[in-house]
Each structure stands twice: as C-alpha cells, then as structure tokens.
Visitor: 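Mind looking over this structure? Questions follow.
The shown structure was predicted, so the numbers you read here are calculated from the model rather than taken from an experiment.
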Amino acid sequence: MDEWPKRLAAEVRARRTSLRLTQRDLADMAGVSERFVRFVEQGKPSIQLDSLVAVLETLGLELTVTGRAARASRVAPPTGGQDGAGS
C-alpha cells in the first residue's frame, strides 16, 4: 500500500488541529462534507481531487507532484512518431 494517503492524512489533521478547527468547521469553510474531511484524515486512498484541493487550500496547504525515479522506470516510453514539437 502506498504511504502517501497516510502522510497526507497526518498533515491535514495536524494543520486543522493547529488552527483549532473542528472537522465540521473545516468542512464548512472548504465547502465539502464533514464525512469527506473524515475520509481525508483517515487516509482513504480514493477521494475526489477537487474536494481535496479545496480542503488543502482552506488549510493553507498545497498538493505538489514530483517525479520519482523508481516509479518512472516502470513507465513505458512513448511510442515512435513525430508530433511536430521540439527541435
């Protein structure tokens, strides 16, 4: 199992707690359900990205995507052909 949902859950919970917000407060401020906030804080791996971004923005957090060499090595290279872009 991927660890990122657990890391995300801990970060969201810690930030919400430091801001002295309840799950209901955060849900209301972010425009999502309290149930959704619970799912994020439980590390549920399948959540809606737009709702997650709303929660993170409300907390002053952001989601960053970075490359990981270990994963990238498993990705197949693009198939041949010229798309007209580049040099």
Side-chain angles (χ1 to χ4, degrees):
M1 173 161 172
D2 199 0
E3 291 296 313
W4 81 263
K6 290 179 184 177
R7 290 193 329 255
L8 177 67
E11 195 68 36
V12 167
R13 190 172 32 258
R15 180 68 171 174
R16 178 184 58 77
T17 302
S18 75
L19 293 172
R20 295 190 168 124
L21 297 172
T22 65
Q23 288 180 337
R24 164 62 38 211
D25 293 335
L26 176 55
D28 289 344
M29 293 170 71
V32 300
S33 69
E34 186 176 355
R35 181 176 182 225
F36 181 83
V37 172
R38 268 196 318 275
F39 284 168
V40 172
E41 291 190 5
Q42 291 169 355
K44 183 176 178 181
S46 58
I47 53 177
Q48 286 186 270
L49 186 57
D50 59 338
S51 296
L52 174 60
V53 169
V55 167
L56 296 177
E57 285 179 350
T58 300
L59 293 172
L61 299 172
E62 66 181 26
L63 185 62
T64 303
V65 177
T66 58
R68 295 186 344 194
R71 297 251 183 199
S73 65
R74 291 187 236 161
V75 176
T79 56
Q82 296 284 352
D83 62 3
S87 41

Visitor: If you count heavy atoms of other groups shown closer than 6.0 angstrom to CD of Gln23, is the number above 12?
Guide: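 Yes, because the 6.0 Å sphere around CD of Gln23 holds more than 12 heavy atoms from other groups.
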
Visitor: Does the side chain to side chain contact (heavy atoms under 4.5 Å, CB included) test come out yes or no for Leu21 and Leu59, once each step is laid out?
Guide: CA-CA 10 Å; Leu21 297 172; Leu59 293 172; 4.2 Å; yes

Visitor: Can you tell me how far the CG atom of Asp28 sits from the CD atom of Glu34, to the nearest 0.5 Å?
Guide: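 Here the rounded value is 8.0 Å.
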
Visitor: Does the side chain of Arg16 reach to within under 4.5 Å of the side chain of Glu41, using non-hydrogen atoms?
Guide: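 A side-chain contact under 4.5 Å exists here.
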
Visitor: Which heavy-atom pair separates Ala54 from Ala30 by the least distance, and what is that distance?
Guide: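 For Ala54 and Ala30, the tightest heavy-atom pair comes out as CB-O, 3.6 Å.
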
Visitor: Distance from Leu52 atom CG to Leu8 atom CG, nearest 0.5 Å?
Guide: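 Here the rounded value is 5.5 Å.
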
Visitor: Taking the side chain as everything from C-beta on, heavy atoms only, tell me whether Leu49 gets closer than 4.5 Å to Leu63.
Guide: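 They are in side-chain contact.
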
Visitor: Can you tell me how far NZ of Lys44 sits from CZ of Phe36, rounded to the nearest 0.5 angstrom?
Guide: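 If I round to the nearest 0.5 Å, the distance is 9.5 Å.
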
Visitor: Taking the side chain as C-beta and beyond, is there a heavy-atom pair between Val40 and Leu56 under 4.5 Å?
Guide: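 Val40 does not reach Leu56 side chain to side chain.
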
Visitor: Less than 4.5 Å apart, any side-chain heavy atom of Glu62 and any of Glu57?
Guide: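 Glu62 vs Glu57: side chains apart.
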
